[in-house]
Chemist: 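First the structure, which I've put down as structure tokens, then a few questions once you've had a look.
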Amino acid sequence: MKIATYNVNGIKARYETVATWLREDAPDVAVLQEIKSIDEAFPRELVEDTGYDLHTHGQKGFNGVALLSKTPLEDVTRGLPDDDEDEQARYIEGTVIGETGAVRICGLYLPNGNPAPGPKYDYKLAWMARLEARAKALLAEETPFLMTGDFNVIPDDRDATRPEAWANDALALPQTRAAFRRIVNLGLTEAFRARTQGAGHYSFWDYQAGAWNRNDGIRIDHFLLSPAVADRMRDCTIQTEMRGREKPSDHVPVWLDLDL
DNA sequence: ATGTCGAAGTTTCTTCGA
């Protein structure tokens, strides 16, 4: 089973790019972030031809996440627990049923947090604490799960072309990295790093300043796997070539292949 | 220090967020 995460940076602006990608690369499950659309305005024709099961959690203008699946998802829920006062659409869960088991898919768009320090950074850290609590709860009930999406976290200096340029940024501050490590250290596996070591692997290149042409990137789109899911991992790869296509998102898809 | 993009309102430009 192939699961892909992809920050599309606007589903309406990215329609052709995403439709072609779904048709040609055909993930079993696609976890999308930054759809920047209310649910009613999500282009249904994207999935009508392909038959994908679509679940959105959108809002006007910003943020917004979605799950697409070749087979129907079960028990889809929107928002993190204790999210009642959170107006930002950043989290969605659904269960995919494979031939030999089920996996809870947690799709997330973690707050950027800049400028730091400040209220936006406080919101980011609070959101990460709530994500950690959710991971703890899923581990406690022994639900096989994965968390994936745009974490807006550069885990380590090797995950940036120019780490010094990000040293004071909300994506790389020590508190951000510590919060990310706290979640991983609950017993999760960071899928990409379980397969690939070393620098030079990125999932985002800014539109500005020719970042793509200079390969000035960062790795901020991740998969965290619970133990049972980690045991089933075949591979985790970054689809770098997508950044060079016509009308690209500033992020590229990251893929997880599971024996499921 | 920065050469961009997408969405929405203030709507054929400006502002915001990233």
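In what follows, chains are A, B, ... by sequence order, proteins preceding strands, each numbered from 1.
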Chemist: Take atom P in dT10(B) and the same atom in dC16(B), then report the distance between them in whole Å.
Modeler: 12 Å
Chemist: Starting at the 5' end of nucleotides 8-18 of chain B, put B wherever the base has a protein heavy atom under 4.0 Å, S where only the sugar-phosphate does, and a dash everywhere else.
Modeler: SS-------SS
Chemist: For T176(A) and Y121(A), does a side-chain donor sit closer than 3.5 Å to a side-chain acceptor?
Modeler: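 Checked: T176(A)/Y121(A) side chains pair up, N/O donor to acceptor below 3.5 Å.
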Chemist: Counting the atoms with a prime plus P, OP1 and OP2 as sugar-phosphate, which does A209(A) contact under 4.0 Å by heavy atoms, base, sugar-phosphate, or nothing?
Modeler: base
Chemist: Output yes when E190(A) and R219(A) qualify as a salt bridge under the 4.0 Å nitrogen-oxygen rule, no when they do not.
Modeler: yes
Chemist: Which residues pass the ring-ring contact (aromatic ring centres under 6.0 Å, His included) test with F151(A), sequence neighbours left out?
Modeler: F180(A), H222(A)
Chemist: Looking at side-chain heavy atoms only, is the closest gap between V96(A) and D28(A) below 4.5 Å?
Modeler: no
Chemist: Side chains of D53(A) and S69(A): any donor to acceptor distance under 3.5 Å?
Modeler: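 Their side chains do not contain a donor-acceptor pair, so the 3.5 Å distance test is not met.
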Chemist: Taking the C1' atom of each, how far is dG6(B) from dT11(B), in whole Å?
Modeler: 15 Å
Chemist: Salt-bridge test for D86(A) and R130(A): reply yes if a basic N is under 4.0 Å from a carboxylate O, no otherwise.
Modeler: yes
Chemist: Any chance the side chains of T20(A) and R245(A) put a donor and an acceptor closer than 3.5 Å?
Modeler: no
Chemist: Starting at the 5' end of DNA chain B and moving along, which residue's nearest nucleotide shows up first, I11(A) or G210(A)?
Modeler: G210(A)
Chemist: If I pick the C1' atom on dT2(B) and the same atom on dA18(B), what distance separates them, to the nearest angstrom?
Modeler: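 The same atom, C1', in both gives a distance of 15 Å.
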Chemist: Quick check on the hydrophobic clustering: are V153(A) and L171(A) connected, directly or via other members, by side-chain heavy-atom contacts under 4.5 Å?
Modeler: no
Chemist: Hey, can you pull the residues of residues 17-25 of chain A with a non-hydrogen atom under 4.0 angstrom from DNA chain B?
Modeler: none
Chemist: What is the distance from CG of D216(A) to C1' of dA1(B), rounded to the nearest Å?
Modeler: 13 Å
